[in-house]
Structure formats: structure tokens, C-alpha cells
2 protein chains.
Amino acid sequence: MLKVGRLADYGVLILHHLGRMRPARLAMDSIAEITHLPLPTVRKVMKYLVDAELVISKRGPNGGYQLARPPAQVSLAEAIAAVEGPLTLTECCAARSTCEIHDRCDLADRWPGVNAIVVKVLERTSLADLDRFGRHEPHVPPPLRELMAPIRHL
Amino acid sequence: MLKVGRLADYGVLILHHLGRMRPARLAMDSIAEITHLPLPTVRKVMKYLVDAELVISKRGPNGGYQLARPPAQVSLAEAIAAVEGPLTLTECCAARSTCEIHDRCDLADRWPGVNAIVVKVLERTSLADLDRFGRHEPHVPPPLRELMAPIRHL
DNA sequence: AAATTGTATACCTGGTTAGTATTGAATGCG
DNA sequence: CGCATTCAATACTAACCAGGTATACAATTT
């Protein structure tokens, strides 16, 4: 699995569209329309995005939502975390781990390292970058180079 | 979230211990003991690991489980996939996507690129590598360098 | 003030996951 | 040959959580 929840997925999709419109505003029902998502669901997602200050909302006639920053400055990590909370691959990685085994587990202090790398990949991928990904092999530049160290060839 | 299920987590932990023992065999109740996991749960996990051919089982007196390959040749990706099936960040990334929106979604062909990178990180991290991760900053070497291309600084 | 648009809360429900129990089959040993 | 040991397979239950929905409320513009 290694899943990102559907709501978070929706969040990214919505941010993507807001990015394309920026700096224009988009009303909630317009968002529902262009994303083909049910309106009540959009409502829920928008709340998360506003709370996380990724989008700015304006009420009243001609109100709507606007991406708070240029798409190149919004990371997937932020987007996902906005909807689902902190990015933790396992319980071990959470701030307050609730894992029964935690203190007797050989891996409790190893997972965070793996988690950190995965998170960094997502942190360094922006909404704008997303546009460049095809279904084809992704190509990625040097900024991530120094992240990779204990990882070996298999 | 971006979660790995608990069973998969257990699976990795078990593989880790089997790796430390290799090539010795370990009976199921011994595994339960050293991992501090309930035995019925271990049973379930072992089935997945055997089916995936990551461990070899032997029955009868002095039977038990043995890691099929050296720990350096077992990736986290395999381990997780053994328990949870294909690694797909979102529905879009699955072989047969069941997403309602899929064909009308702007991102349907973009997620797989992100997915591929995350998966590659996990593919290039072996059980042996796991031992080297501390709670501290992880360092990762060049093999992942060329993966990173459309990712920009934020 | 009225229309438009976002905000907040609370609830339901269905599916997945984790955990368990039971019965069966293979292997090795004396 | 048969008994002890150990894994294998199936099916069930229970809890939780994500996703989805409904409804009533508040703010802003004109």
C-alpha cells in the first residue's frame, strides 16, 4: 500500500488546478466542477488547505480560493501533510509513538531514517514539478544527491 | 499519513531478525518471542513472506524459517510489497486503477512519476542498509543520483 | 438588506486492517 | 510405523478510520 489517502490526493489535484489559475480565484463549486469531485468532499478538503495556509479564501460575491504561493513554492509534502497530518511511514516515526513494542523494537530508531528520505523526496517535489512528470521514467536533479548515503545497490 | 500498515512493519522487523540469524532457522514461536509480537499475528505475516519467497520454511522437528537471501539483497520495497501488495501511492498508480475520476483527472498520468521515485528509494534500501540508519540524518550515496531530475529546489 | 460564498459541526456508513481460532498437512525421529 | 513437532490454510470477528454527507451559520459585497 504505502498509500496516500484519497482526500490528500484530492487536495493535490485541487492545488494543481488552483496553481494553473493563479492568481485568479476559484469558487468552491467551480473547483468541484473542474475536478469532477463531489462538492461536499471539496468543502472538507478546502478547510484543511486553508488551515494550512496553502490557499487563501475570500467570502462574498466573487469570492473563492486562491493559491497562496506560486506552484513552484508548494511542495507535495506540504500538500499531503495539510490534509493528513505529519508524514510518518510507521508509528515509530511519529512524534509520540503509540507502538506497543517501541522500546523493545530493534527497528524503532531505524525507520525514522528511511522516513526522512521519503519525506525529503516529497518536500523537494513542487506542484510545478508535478507538471513535468510524465508516465515515463522520471528524471531528477542533483539537489537530492546528498540525501542518498546509506543506500546501496542491491 | 503516507502509512505503511502495521503488518508490513512487522514483516520488516521479522526479516531483520531472520537476517541476523541467517543462515540459521528460527521457529515461529521463537520469532514471536524475540519480536514481542503475538504468535497468531506472526503466523499471518509469515505466510506472506513465504509466498513472496523472501523466506524459506521447513516443517517438522527443528523446522522453522530462514531468510532466503542475504540481507543486503532484500529490499524494503520487496518486504513491504510482500505483505501489502504493489506499492502505490495513489489509486492512479495501480495497475488497474479503480478511480472514478481517472480518465478526466489532470494528475492521473503525473502521480506514477512521483510514485516511481519513492518506490525506487525503497527498492535501493536493503535490510542491511537499515542497520546503518540512525535516528540521525541519513546519508545516501550516488546510485539514486540519476533518479532525481524534474525535482527542483523550493 | 439580500445574494453569494465560505465556515463549522456533527453524523453516518462501509470497507479495510488487525487480530484470533481451528483444523489440517508435512517432516523427522525413534 | 506412529508420534511429536512444526508449518499451512481457512474462516471469522471486532475495531477503527476514511470517506462521504447534511445542516445550520457567518462573513462580505453591492
Side-chain angles (χ1 to χ4, degrees), chain A residues 1-11 13-14 18 24-33 35-66 68 80 82-85 88 90-91 94 98-101, chain B residues 1-11 13-14 18 24-33 35-66 68 80 83-86 88 90-91 94 98-101:
Chain A
M1 300 240 165
L2 189 81
K3 272 229 177 347
V4 166
R6 294 174 71 158
L7 286 190
D9 190 356
Y10 298 162
L13 177 59
I14 291 170
L18 287 178
R25 257 191 302 276
L26 215 47
M28 198 143 51
D29 45 11
S30 306
I31 294 177
E33 192 177 334
T35 56
H36 308 101
L37 294 173
L39 194 135
T41 298
V42 173
R43 266 208 271 272
K44 180 180 264 186
V45 174
M46 294 322 288
K47 173 175 166 37
Y48 295 134
L49 299 180
V50 169
D51 287 351
E53 298 184 315
L54 291 179
V55 303
I56 296 170
S57 70
K58 192 178 179 195
R59 306 199 218 197
N62 229 305
Y65 296 93
Q66 175 190 359
I80 296 171
V83 177
E84 308 199 321
T88 55
T90 65
E91 274 302 318
T98 65
C99 177
E100 291 288 317
I101 314 299
Chain B
M1 301 239 163
L2 188 80
K3 272 229 177 344
V4 166
R6 293 174 73 156
L7 285 190
D9 191 354
Y10 298 163
L13 178 58
I14 290 171
L18 287 178
R25 258 192 299 277
L26 215 46
M28 199 144 49
D29 44 11
S30 306
I31 294 177
E33 194 177 334
T35 56
H36 306 102
L37 294 173
L39 193 136
T41 299
V42 173
R43 265 206 271 273
K44 181 180 265 185
V45 174
M46 294 321 291
K47 173 175 166 40
Y48 294 134
L49 299 180
V50 169
D51 287 351
E53 299 185 317
L54 291 180
V55 303
I56 296 170
S57 69
K58 192 177 180 198
R59 305 198 218 198
N62 229 306
Y65 295 94
Q66 175 189 359
I80 296 170
V83 177
E84 308 199 319
T88 55
T90 65
E91 274 300 319
T98 66
C99 177
E100 291 288 316
I101 314 300

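The structure presented is a predicted model; accordingly, all values stated were derived computationally and were not measured. Letters A, B, ... mirror the listed sequences (proteins, then strands); counts begin at 1.
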Send over the distance from [X] [atom1] to [N] [atom2], rounded to a whole Å.
{"X": "Leu39(A)", "N": "dG19(D)", "atom1": "CG", "atom2": "P", "value": "18 Å"}
{"X": "Arg25(A)", "N": "dT28(D)", "atom1": "CZ", "atom2": "P", "value": "13 Å"}
{"X": "Glu91(A)", "N": "dT17(C)", "atom1": "CD", "atom2": "P", "value": "16 Å"}
{"X": "Tyr48(B)", "N": "dA9(D)", "atom1": "OH", "atom2": "C1'", "value": "12 Å"}
{"X": "Glu53(B)", "N": "dA8(D)", "atom1": "CD", "atom2": "P", "value": "13 Å"}
{"X": "Leu7(A)", "N": "dG19(D)", "atom1": "CG", "atom2": "P", "value": "4 Å"}
{"X": "Lys3(B)", "N": "dA18(C)", "atom1": "NZ", "atom2": "P", "value": "11 Å"}
{"X": "Arg6(B)", "N": "dC17(D)", "atom1": "CZ", "atom2": "C1'", "value": "14 Å"}

Residue pair [X] / [Y]: nearest heavy atoms and the distance that separates them:
{"X": "Ala82(A)", "Y": "Leu54(A)", "result": "CB-CD1, 3.8 Å"}
{"X": "Lys3(A)", "Y": "Thr88(B)", "result": "NZ-OG1, 3.1 Å"}
{"X": "Glu84(A)", "Y": "Val4(A)", "result": "OE2-C, 3.8 Å"}

Please produce a list of atom pairs where a protein N or O lies less than 3.5 Å from an N or O of nucleotides 4-10 of chain C.
{"unit_1": "dT5(C)", "atom_1": "O4'", "unit_2": "Gly60(A)", "atom_2": "O", "d": "3.4"}
{"unit_1": "dG6(C)", "atom_1": "OP1", "unit_2": "Met28(A)", "atom_2": "N", "d": "2.9"}
{"unit_1": "dG6(C)", "atom_1": "OP2", "unit_2": "Met28(A)", "atom_2": "N", "d": "3.3"}
{"unit_1": "dT7(C)", "atom_1": "OP1", "unit_2": "Ser57(A)", "atom_2": "OG", "d": "2.9"}
{"unit_1": "dT7(C)", "atom_1": "OP2", "unit_2": "Tyr65(A)", "atom_2": "OH", "d": "2.7"}

> Looking at Val55(B), Val45(B), Ile56(B), which hits side chain to side chain contact (heavy atoms under 4.5 Å, CB included) with Val50(B)?
Replying inline: Val55(B)
>> With side chain to side chain donor-acceptor pair (under 3.5 Å) as the rule and sequence neighbours excluded, what pairs involving residues 40-52 of chain B come up?
In response: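 Of all non-adjacent pairs touching residues 40-52 of chain B, those that pass side chain to side chain donor-acceptor pair (under 3.5 Å) are Lys47(B)-Asp51(B).
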> Are any of Tyr10(A)'s side-chain N or O atoms less than 4.0 Å away from OP1 or OP2 of dG19(D)?
Replying inline: no
> Can you tell me how far CD1 of Ile31(A) sits from CG of Leu26(A), rounded to the nearest 0.5 angstrom?
Replying inline: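 Reported to 0.5 Å precision, the distance equals 5.0 Å.
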